[in-house]
Amino acid sequence: QVQLVESGGGWVQAGGSLRLSCVVSGRTFRTYAMGWFRQAPGKERKFVASITRGGGDTFYQDSVKGRFTISRDNAKNTLYLQMNSLKPEDTAVYYCAATSEMLVVLTPSGVDYWGQGTQVTVSS
């Protein structure tokens, strides 16, 4: 069973930065395309960023382009999301996601495994 465990969430003022991490159990991390999604209260879960198995290609939601950076370290079985210039509208629970069937994960329906989520709160 694959397990994804996020960390790094918290409270920050607008304009600040946070780095999320997601550690994936097992020895097959490099076979998964990975992504980050977020869900604000009362709203559906939405795509934030994704990265291919080797890390050579990345994709971002338009609202985070230029502010967020997704990366992975296959030797450490870890996915990262560096978030800079945070805005109050970035407030949400952030979820790490993995897929083994697709080259990239862009929608919740394409996800095979989810983490438990980590809360990010940005105050104005």
Side-chain angles (χ1 to χ4, degrees):
Q1 183 71 17
V2 176
Q3 289 190 321
L4 287 65
V5 180
E6 302 103 331
S7 62
W11 178 90
V12 66
Q13 288 190 322
S17 299
L18 285 173
R19 188 176 84 154
L20 306 183
S21 299
C22 172
V23 178
V24 180
S25 65
R27 289 180 283 182
T28 59
F29 177 67
R30 66 181 67 249
T31 68
Y32 294 104
M34 301 294 299
W36 290 97
F37 290 75
R38 67 187 180 187
Q39 188 167 16
K43 298 191 176 181
E44 62 185 16
R45 195 169 296 187
K46 293 185 176 180
F47 167 76
V48 175
S50 64
I51 189 167
T52 51
R53 295 183 180 96
D57 292 290
T58 57
F59 305 85
Y60 297 93
Q61 180 196 105
D62 285 346
S63 67
V64 307
K65 283 181 181 176
R67 300 189 297 123
F68 291 10
T69 303
I70 188 171
S71 62
R72 64 190 296 163
D73 186 335
N74 285 350
K76 296 182 177 179
N77 283 15
T78 303
L79 176 73
Y80 302 99
L81 185 68
Q82 177 66 44
M83 304 186 295
N84 298 328
S85 302
L86 282 160
K87 304 176 180 180
E89 52 263 44
D90 294 319
T91 295
V93 177
Y94 283 70
Y95 295 91
C96 174
T99 180
S100 61
E101 298 295 326
M102 297 157 52
L103 296 178
V104 63
V105 56
L106 298 174
T107 62
S109 62
V111 175
D112 295 323
Y113 303 100
W114 292 101
Q116 83 286 355
T118 185
Q119 177 71 47
V120 171
T121 303
V122 185
S123 65
S124 57

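- Contacts of Q3 classified as side chain to side chain donor-acceptor pair (under 3.5 Å), with partners at least two apart in sequence or in another chain: none.
- Both I70 and F29 sit in one connected hydrophobic cluster of ILVMFWY residues. Membership requires side-chain heavy atoms under 4.5 Å apart, directly or through other members.
- Rounding to the nearest 0.5 Å places CG of L106 at 13.0 Å from OH of Y60.
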Listing, residues 6-15 side-chain donor-acceptor contacts under 3.5 Å, not counting sequence neighbours, or none:
unit_1: E6; atom_1: OE1; unit_2: Q116; atom_2: N; d: 3.0
unit_1: E6; atom_1: OE1; unit_2: Q116; atom_2: NE2; d: 3.4
unit_1: E6; atom_1: OE1; unit_2: G117; atom_2: N; d: 2.9
unit_1: E6; atom_1: OE2; unit_2: C96; atom_2: N; d: 2.7
unit_1: E6; atom_1: OE2; unit_2: G117; atom_2: N; d: 3.2

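- One N or O on the side chain of T91 and one on the backbone of V122 form a donor-acceptor pair closer than 3.5 Å.
- Pairs of residues two or more places apart, or lying in two chains, never qualify as side-chain hydrogen bond (donor to acceptor under 3.5 Å, both in side chains) while including a residue from residues 46-58.
- Note that OG of S21 is 14.0 Å distant from CZ of R72, once rounded to the nearest 0.5 Å.
- V93 and L86 are not part of a single hydrophobic cluster, where members link through side-chain heavy atoms under 4.5 Å apart.
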**Request:** For R38 and V64, run side chain to side chain contact (heavy atoms under 4.5 Å, CB included): C-alpha distance rounded to whole Å, both residues' side-chain angles, the deciding distance at 0.1 Å, then the answer.
**Result:** CA-CA 12 Å; R38 67 187 180 187; V64 307; 4.1 Å; yes
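- Between N77 atom CG and S25 atom OG the span is 8.0 Å, to the nearest 0.5 Å.
- Linking Ile, Leu, Val, Met, Phe, Trp and Tyr whenever their side-chain heavy atoms come within less than 4.5 Å leaves V48 and V5 in two separate clusters.
- We find the CG-OG1 distance between L81 and T118 to be 11.0 Å, quoted to the nearest 0.5 Å.
- Taking all atoms of both residues into account, the shortest heavy-atom contact from L79 to S71 is CD1-O, 3.3 Å.
- Y32 is not listed as a side-chain neighbour of V105, based on a closest heavy-atom distance of 4.5 Å or more.
- At a threshold of 4.5 Å between non-hydrogen side-chain atoms, the residues V24 and Y113 do not count as touching.
- For the side-chain contact (heavy atoms from CB on, under 4.5 Å) test with M83, the passing option among D90, L20, T69 is L20; the others fail.
- Closest approach of S124 and P88 over heavy atoms only: CB-CG, 3.8 Å.
- Atom OH of Y95 sits about 13.0 Å away from atom CG of L4, to the nearest 0.5 Å.
- To the nearest 0.5 Å, atom CD of residue Q82 and atom CG of residue L18 are 8.5 Å apart.
- Residue T78 comes nearest to K76 through the heavy atom pair OG1-O, 2.8 Å, listed as atom of the first residue, atom of the second, then distance.
- Between Y94 and F68, the ring-plane angle classifies as tilted under the 30° and 60° cut-offs.
- Using a 4.5 Å cut-off between side-chain heavy atoms of Ile, Leu, Val, Met, Phe, Trp and Tyr, with links allowed through other members, M102 and V111 fall into different hydrophobic clusters.
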